[in-house]
Structure formats: structure tokens, C-alpha cells
Amino acid sequence: MSPAGQDVWVHVEHLKGRVAGHTYELLGKGREIADALAGRLIAVLVGSGVRPLAETLAADGVLYVEDAGLAEYTPGSHAAVMRALVEKEAPRAVLFGATSMGMDLASVLAAALERPLIVNCVNLQVRDGRTVATCQMCGGKLLCEAEASGPVVVTVMPGSFPAEAGLAKSPPPVEAVPMPATLETVGMRAIRLLEPEPGDVDITKSAVLVAVGRGIQRQDNIPLAEELAGALGGTVCASRPVVDQGWLPMSRQVGKSGMMVKPKLYLALGISGAPEHAEGMKDSDLIIAVNSDAKAPIFDIADYGIVIDMYDLLPALTQALQGRKA
Amino acid sequence: MNITVLLSMVPDLVEELEIDASGAALDTQWLRYVISESDDHALEQALLLKDRHGASVSVMALDYGDADQVLFAALARGADEAVKLTGIPEAGLGKRAAAATFKEALGGIRTDLILTGVQAIDDLDAHVAGMLGGMMALPYVGVTRSVEPSGEGKVLVQKEYPGGAAAEIEVTLPAVIGVLSAPQPPRYVPVARIREVMKTRTLDEREAVPATVPAEPAIIRLFKPESAEHAQMLDGSPEELAEQIVKILEDRGLAP
Ligand SMILES: Cc1cc2nc3c(=O)[nH]c(=O)nc-3n(C[C@H](O)[C@H](O)[C@H](O)COP(=O)(O)OP(=O)(O)OC[C@H]3O[C@@H](n4cnc5c(N)ncnc54)[C@H](O)[C@@H]3O)c2cc1C
Ligand SMILES: Nc1ncnc2c1ncn2[C@@H]1O[C@H](COP(=O)(O)O)[C@@H](O)[C@H]1O
């Protein structure tokens, strides 16, 4: 599979024998980019015993590297393999998910190979032979359009593109590549996978979620949200800072490292709508956002918005709902 | 264990962000800087290692946007030493150049563990931690929620995955870790204590060695999202607003 100069590569992310959903989104978008660059779209699959996963990947070809040492993912081992492959084949663009795995691999690879890095993209195009990326910055308050004329490493926000186009109708050609790197020098070893701590409730099953963010300000205020959730017959969930403070358990966190939710109602209180939070809730059926900052990015994804200090609204809203029930 | 924590200042999102005349950068004139949130957690992680297991903690920042404040605050929180790298442009450096500058400065320092935040909010290539790992050819793990010593010359980290899952990975030192969260929230120090430290301690100022970096992507423009799907905004007194929300929920069969 060479020469590769204009090829677009997509890193295939997988955990516990399943391809991560955003990989298909990258393949769908990668197809457009590869066509515009007149290159091929290549999926890169690294692991042990995961060859069957290649069958679902819509690409011109799959590079497959297998080694017993790659069975458990570590950033060091997988970056070493990706680096060796990219060094040898010199594809034009390498796309990763803006995920826990993708962020590590993309940044290490870009620095080690002295390629430009562009992260958190929500759109990608080719213009006059250059790759043009639109990225989220400043917690979603700004977008940045940037271009690279040569080789580039990109991370793409999950949920940015449709997945269907990346799902293969028939299995793609697979090329098994001999292990291209040594794992002796990577300096790390996977010990075990820690399953999520079971929470008191499963917020992904709740039809109504009352979500609280840093705007809740103090732990003492959580009961106000709980009372409102009670009046709505729903459950309280949270953004990361609230969980980091220890005010609610990890099982209540929505977003990139928390849960993906799609309730009938998502009532966001004092949440700015940063991309990493939006990732987990933007497909909710109905989003109502309450925020004191009229410019909060949450209003770009909400159906209804209210600019108000949440503490001015909460008592009236809880009362109105309780009044109906009574 | 010798730990170095790299701290960066980023725009405070509580303030209005203005784009400058070029259309491709933030107007720094009105910018208020704060410590990057994940760097704040990286510092807390280092201080926890010091409290629980004994370690020396050195912090380092490039001299722009209130670096002094951030470094003194770190000393007040318990860091042993603070290094300020001078000769930095007023607007700071791109993240790749920042990583390269840190790399040069770290060359002369004996450090076992380099901790910094996994992601900053203010650049195209926001991953200083990972780029530094790649540049220094050191083991790198990012998106961590815990770092613990693990026998001689090793640490055990928890790397977060979606859904609250995590991978436990043992890393051989020296290494670079990109912290997302410390196991507990960053400790608070009163402003009075920071002021006191500013009077009694000094920053170790060192001239930054200019670092060369490969061509960075060209920023065409910065802009505020103008979403076609912007929320329909509701107005009124709290009672009126409550009524409107109840009505919306009724229409959708979601009212209790
Ligand atoms: C790798 C990675 C993974 C991440 N994973 C997640 C994740 O899973 N989930 C997640 O949520 N975040 C995640 N984050 C963090 C994310 O980037 C944001 O920092 C976070 O979502 C911000 O939470 P917030 O909106 O509550 O806080 P902020 O951004 O601080 O927003 C608080 C909001 O409250 C408003 N407010 C303040 N007071 C009031 C009041 N009285 N009334 C009304 N409004 C008020 C403010 O105007 C502001 O908009 C992750 C980050 C990284 C780098
Ligand atoms: N606990 C802290 N750790 C690190 N930096 C801090 C801390 N508290 C305040 N700062 C920094 O000190 C400066 C002044 O903060 P403030 O006290 O909010 O005016 C800001 O640039 C903050 O980023």
C-alpha cells in the first residue's frame, strides 16, 4: 500500500473487542477528505485478535498490526506502533477521535514526527489542496478555522459527523503489517481495566434529567436541584466540576468521561456547555438551559434558554411543578 | 521523588472574549488570565504525592499573563520551588512552542515526574503534556485521575475512559503525565497567605532558551459560533418563566 503521500488515515479506536462509534464518523468524513485530496482512505487497526473488527470499516484498505503485547491498550505501545507506521508510509492526514485514547496518541505522534497538530475539530474540509479544520476553543465560546498545507495530525470531536457513511457494506481489503516497533522501551504496562463504580441510579435510563454545573456554587445547593428533580419525576446529574468537587458521584457525570445521555428532557442549570459536556447530552430530545451568562455556549445547543440567576428561578419553578401535582 | 509541574495561564472565560483586528487572535488587551484548570489539578496531584509519600515539588511557568500570581499561589499551596521562564512574548507562546520551551528548561533539571494539565482551552494544539512527552521521548499517559507511587522508580496511574471506566497503567519514571483531575479538588489558599508568600519568597527567574518548532497550522480566523439552532430565549419574571416552562413541558407530555 504505497505511495501514501495523499492518503488519509483513520485510527480505529476499540475497547473490549468493540469499535468505538466515533471511528465510523471519522471514516465517513475521511472518505470526503481522501477523495478531495485524490488519496486513499486507510483505517489503521492495532491490537491483538481484533482482525474481525476490520470487516465493519468503510475504507479503501485496513492496515492491521497484531501483537500479543498490544492486547491491552497503553498510550506508549500504541503510539510506538502508530509512529512507526506513519513514519514509513507518510500519509497526508492522520485522524484520531478527540477521546482519552486519541488525545494521547495524536499529541505524542505529532510532536515526535514534527507534524502540526490540530485538536477538537468539528469540521474538516479540503480547500485548494489544503486541509482546513474548524475547531472548538475556549470552552465552546470560540471557533477557530485553521489550515495546514502539508502533513497533519487531527483529533475530531465525537458526534461531529454522521456514522452511517463509515460503516462498511462489504469487508474492506486488509493488509496485515508485521509488528513495526519494539515494546521493550515504551516504559509502561497495562495492569487492569477498572469498571465504573456502580452508582445509586443509572442516569442513562432516566427520561428527565436535571443537570447542575459549576453555577450551583456550593454543595448545600444540591438539595434545591434534587427538589426540582423530584417535582419533575427526574434525576439529578452533573457536569465534571461538580463531580470533581465530590458533591455528586462519578455515576452522575455527563460528558466525555462520564455518561452519554439522551433523555426526553435535559434541564441544564449553571452549565456553560463546554464541548466535553455537550458531547454527552446534545442529542437529548428537549434541552432547556438556565444560565446567567447570555453568551454561554449551552444556548447554542438548547431548545429553550433563560438568562437568569438560577436561584431566582428555582423556587418558582419547583413550586409551579409541585402545585400542579397537588 | 522530584516532581516538576508545568503551569499555564489561559483566558478567564468568565470575561468577555474579544477578537483582535487581525481576526485571527484574541485581543490580549482586555484579557484576564487564570491558571489552566487541568494544570491546577496537576499541581494538586503533585502536592498530594508530596503530602502522602514525600516528594519535592517544583513548579514552572512561562512569563506572561499573571505568571507571578500563579507561581506564588503554587508556593502558598505547598510547592517547594517556583521557576519563571523569562523573555516570553506578552501574549504567551503557541502550545507547541511552549512545550519546546519547557523541554529546553527541563534539560538541566533532575526530575522524575513531569505533571501538567492534559488540555488547555486556548489553542489549536492544546495538548502541551502529550507534545512534551513526544518531544522528550519519555513515557506519556494523559487523561489521568490518579497518580500513585508503585515501587522503585514507577508510578501507577488511572487513565479515564468514557462512562466512568479507567485503565490502570504502571509507568516507569522519568515520565510525563497529562492530568485531567486530581483525586481531590485543588486546595484553597486564602489570598492573604499568597500575599505573605509574595513578601517572603522569590521566584527563580531563568531566561528561556528560544526553541525552534516546525511550521504550526495557520489560523485563518477566530469567530464566535452563530448557531442557526440557537435556543429560543424566554423572558419574564421568575413566576412567568416557571409558567412558560410548565407550558412547554405540558405540550410535550412531560409535565408531572
Ligand atoms: C479530557 C476531558 C474530559 C472531560 N470530560 C468532561 C465530562 O465528562 N463532563 C463534563 O461536564 N466536563 C468534562 N470536561 C470538562 C469541560 O471541559 C468543562 O470544564 C466542564 O464541562 C465545565 O463545567 P460547567 O459548565 O459546570 O462549568 P463552567 O464552564 O465553569 O460553567 C458554569 C456556568 O454556570 C453559569 N452560572 C454561574 N452562576 C450561575 C447562577 N447563579 N445561575 C445561573 N448560571 C450560573 C456561568 O455563567 C457558566 O456558564 C472534560 C475536559 C477534558 C479536558
Ligand atoms: N489556588 C490557586 N492556585 C494557583 N493559582 C491561583 C490560585 N488562586 C488564585 N490563583 C491565581 O492567582 C491570580 C489571582 O487570582 P484571584 O485571587 O482570583 O484574583 C489568578 O491568575 C489565579 O489564576
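It should be emphasised that the depicted structure is a prediction, and the values quoted were computed from it without experimental measurement. Throughout, protein chains are lettered first and strands after them, A, B, ... in sequence-line order, and every chain is numbered starting at 1.
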Interface moiety of [X] toward chain A, non-hydrogen atoms closer than 4.5 Å:
X	answer
E250(B)	side chain
E226(B)	neither
V246(B)	side chain
E16(B)	side chain
D123(B)	backbone
L222(B)	both
L138(B)	neither
R221(B)	both
E37(B)	side chain
P217(B)	both
L156(B)	side chain
I219(B)	both

Specify which of [options] makes the most heavy-atom pairs with chain A at under 4.5 Å.
options	value
E243(B), Q244(B), K224(B)	K224(B)
D235(B), L249(B), V118(B)	L249(B)
K154(B), Q158(B), M135(B), R252(B)	R252(B)
A167(B), A137(B), A166(B)	A166(B)
V10(B), V176(B), V171(B)	V171(B)
P225(B), P139(B), P214(B)	P225(B)

Any idea which heavy atoms bring [X] and [Y] closest together, and the distance?
X	Y	result
G117(B)	S38(B)	CA-OG, 3.3 Å
R145(B)	G164(B)	NH1-O, 3.4 Å
Q253(A)	S239(A)	CG-C, 4.5 Å

For [X], which atoms come within 4.5 Å of any heavy atom of chain B: side chain, backbone, both, or neither?
X	answer
D303(A)	backbone
K295(A)	side chain
M260(A)	neither
E147(A)	both
N120(A)	side chain
C135(A)	side chain
M103(A)	both
R252(A)	neither
E13(A)	neither
L15(A)	side chain
T99(A)	neither
L143(A)	both
I288(A)	side chain
V132(A)	side chain

Below 4.5 Å, heavy-atom pairs only: which of [options] has the largest tally toward chain B?
options	value
G255(A), A148(A), C144(A), A112(A)	C144(A)
M101(A), Q136(A), E145(A), R130(A)	E145(A)
T318(A), T185(A), I191(A)	I191(A)
A111(A), A316(A), G305(A)	G305(A)
Q245(A), K256(A), M137(A), K264(A)	M137(A)
A79(A), G234(A), A146(A)	A146(A)

Please tell me whether [X] and [Y] have a donor and an acceptor in their side chains that are separated by less than 3.5 angstrom.
X	Y	value
S150(B)	E170(B)	yes
R240(A)	S257(A)	yes
S181(B)	D244(A)	yes
T116(B)	D39(B)	yes

Would you sort out whether D293(A) and K141(A) count as a salt bridge (charged side-chain N to carboxylate O under 4.0 Å, His left out), showing the intermediate values? CA-CA 11 Å; D293(A) 173 9; K141(A) 286 199 156 183; 2.9 Å; yes

Answer whether the closest heavy-atom distance between the side chains of T144(B) and L180(B) falls below 4.5 Å.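 Contact flag for T144(B)/L180(B) side chains = no.
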
Any ion pair linking [Y] and [X] (charged N to carboxylate O, less than 4.0 Å)?
X	Y	value
R192(A)	E168(B)	yes
D51(B)	R187(B)	yes
K95(B)	E216(B)	no
E114(A)	R96(B)	no

Is it true that a side-chain atom of D20(B) and a backbone atom of G23(B) form a donor plus acceptor pair closer than 3.5 Å?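 Indeed, once roles are kept as given, a pair shorter than 3.5 Å links the two residues.
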
Kindly say whether L31(B) contributes a backbone atom to a donor-acceptor pair with the side chain of T28(B) at under 3.5 angstrom?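 No.
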
Are there more than 12 heavy atoms of other residues, nucleotides or ligands under 6.0 Å from atom [atom1] of [X]?
X	atom1	value
Q319(A)	CD	no
D251(B)	CG	yes
K247(B)	NZ	no
Q125(A)	CD	yes

State the CG-NE2 distance between L109(A) and H78(A), to the nearest 0.5 angstrom.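 Between atom CG of L109(A) and atom NE2 of H78(A) there are 14.0 Å.
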
How many angstroms lie between atom CE of M188(A) and atom OG1 of T74(A), to the nearest 0.5 angstrom?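 Reported to 0.5 Å precision, the distance equals 5.5 Å.
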
